[in-house]
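Report on the following structure.
Each chain gets a letter, A, B and so on, in the order its sequence line appears, and its residues count up from 1.
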2 protein chains.
Amino acid sequence: MNIGAAAEHSGLPAKTIRYYEDIGLLRASRALNGYRDYTTDDVHRLKFLQRARSLGFTVEECRQLLSLYADKNRDSADVKAIASRKLDEIDTKIAQLQSLRAVLSHLIAHCHGNDRPDCPIIDDLAGEAH
Amino acid sequence: MNIGAAAEHSGLPAKTIRYYEDIGLLRASRALNGYRDYTTDDVHRLKFLQRARSLGFTVEECRQLLSLYADKNRDSADVKAIASRKLDEIDTKIAQLQSLRAVLSHLIAHCHGNDRPDCPIIDDLAGEAH
DNA sequence: AATAAAGGTTCCAGAAACTGGAAGTTCAAG
DNA sequence: CTTGAACTTCCAGTTTCTGGAACCTTTATT
């Protein structure tokens with residue numbers, strides 16, 4: 001599959017896919033004409049990258065996450081440790097999104113028109129996830 | 001409150017807070033000595049920014065989100081429309097995080113040692129949020 | 001009171017993660 | 001066989017910080 005189709009399927013711009021190859025995040029094999037050639041597994045990885053990046057994981061973190069599947073020689077306890085750490089980060093992110101969501105939905109429900117200047121939301125703004 | 005304390009409370013480096021001021025995201029008033037002076041409301045906004053940025057919202061999106069509270073003259077329907085759109089984005093992010101979480105926890109639970117190379121996870125990698 | 005350390009200021013340079021554009025090659029359609 | 005889309009590389013620019021120099025203010029210590 002050419003880079004255009006891979007871009008289409010993964011949701012990443014072709015430019016970004018080439019950039020990821022530049023920095024060694026995901027190498028694709030080449031067809032005889034020199035074009036990059038992507039397998040469906042490659043596309044899965046690209047989708048995964050798109051998702052993880054859009055959720056605030058850094059490229060280095062994505063590299064780590066990808067390595068969890070890729071490295072057959074890695075010790076199982078090691079994999080588990082890294083995965084567990086990432087799991088905690090994900091849980092934190094979910095909690096933060098939920099608190100962000102609460103703030104916004106409160107805003108939608110209660111703070112219309114003239115009420116808003118004194119809206120209690122501003123007090124909760126960035127409040128802890130209870 | 002000085003910038004150091006604001007940094008401490010918000011979780012953002014002082015450098016970043018100054019940068020946010022540079023790009024007009026959050027202006028702080030100045031004390032007589034020229035130091036930036038932050039109110040607790042400012043700190044709430046900073047915390048909010050820290051959170052939203054770490055969750056993958058762009059600076060421009062954060063600016064929009066902040067404007068939801070700040071702009072007293074904005075039409076209520078307008079506020080609701082923007083907030084609703086952001087709410088949808090947040091829901092999507094939550095769903096994506098949950099699917100990412102499922103993949104990782106599956107990895108932890110089932111793909112230890114020699115099983116992993118053929119682990120079914122790689123098939124789910126970046127699979128849709130069901 | 002003098003001074004050293006800590007923390008504030010601006011400004012400029014560099015890094016991370018893209019993003020756009022030029023110049024050229026290959027492919028598919030008419 | 002030509003035209004246009006999609007591919008290639010390479011270089012330059014943008015966004016979002018981040019580090020460091022040079023200098024000023026506050027705070028603690030002698």
| message | Would you say B:Thr16 places a side-chain N or O within less than 4.0 Å of OP1 or OP2 belonging to D:dT18? | response | yes
| said: Can you measure B:Glu21 atom CD to C:dG8 atom C1' for me and round it to whole angstrom units? | reply: 13 Å
| task | Scan A:Ile23 against the nucleic acid and name what it touches under 4.0 Å (heavy atoms): base, sugar-phosphate only, or nothing. | result | nothing
| In whole angstroms, how far is the C1' atom of C:dC27 from the CG atom of A:Asn2? | 9 Å
| field | Sidechain N-carboxylate O distance under 4.0 Å for A:Lys86, A:Glu89 | value | yes
| Counting side-chain heavy atoms from C-beta on, which of D:dT18, D:dC17, C:dA17 comes nearest to B:Pro13? | D:dT18
| task | Measure the distance from OH on A:Tyr19 to C1' on C:dG20 and round it to the nearest whole Å. | result | 15 Å
| So does A:Tyr20 get a side-chain nitrogen or oxygen closer than 4.0 Å to the phosphate oxygens (OP1/OP2) of C:dC18? | yes
| field | NZ/NE/NH1/NH2 to OD/OE distance under 4.0 Å, A:Arg101 and B:Asp91 | value | yes
| task | Mind calculating the distance between CG (B:Asp22) and C1' (C:dT9) to the nearest angstrom? | result | 12 Å
| query | Heavy-atom count around A:Arg30 CZ within 6.0 Å, excluding the residue itself: above 12? | reply | yes
| query | What nucleotide, of D:dC7, C:dA17, D:dT9, holds the atom closest to the side chain of A:Tyr35? | reply | D:dC7
| Over-ring placement of A:Lys93 relative to A:Phe57, 6.0 Å and 45° cut-offs | yes
| message | Considering every strand and a 4.0 Å limit on heavy-atom distances, what is the contact class for A:Arg18: base, sugar-phosphate, or nothing? | response | base
| query | Counting only side-chain N and O atoms of B:Arg30, is one of them less than 4.0 Å from OP1 or OP2 of C:dT10? | reply | yes
| query | Does a side-chain N or O from A:Arg53 land closer than 4.0 Å to OP1 or OP2 of C:dA16, or not? | reply | no
| How close or far is atom P of C:dA15 from atom CD of A:Glu60, stated in whole angstroms? | 15 Å
| message | Could you tell me how far apart A:Ile17 (CD1) and D:dC7 (P) are, to the nearest whole angstrom? | response | 10 Å
| message | Expressed as a whole number of angstroms, how long is the span from B:Glu8:CD to C:dG7:C1'? | response | 13 Å
| query | In terms of side-chain geometry, is the basic nitrogen of A:Lys47 or A:Glu8 positioned less than 4.0 Å from the acidic oxygen of its partner? | reply | no
| said: Expressed as a whole number of angstroms, how long is the span from B:Met1:CE to C:dG7:P? | reply: 16 Å
| For D:dC24, does either OP1 or OP2 sit under 4.0 Å from a side-chain N or O belonging to B:Asn33? | no
| Of the listed nucleotides D:dG19, D:dC7, C:dG8, the one nearest the side chain of B:Lys15 | D:dG19
| query | Reckon B:Arg36 has a side-chain N or O less than 4.0 Å from the OP1 or OP2 of C:dG7? | reply | no
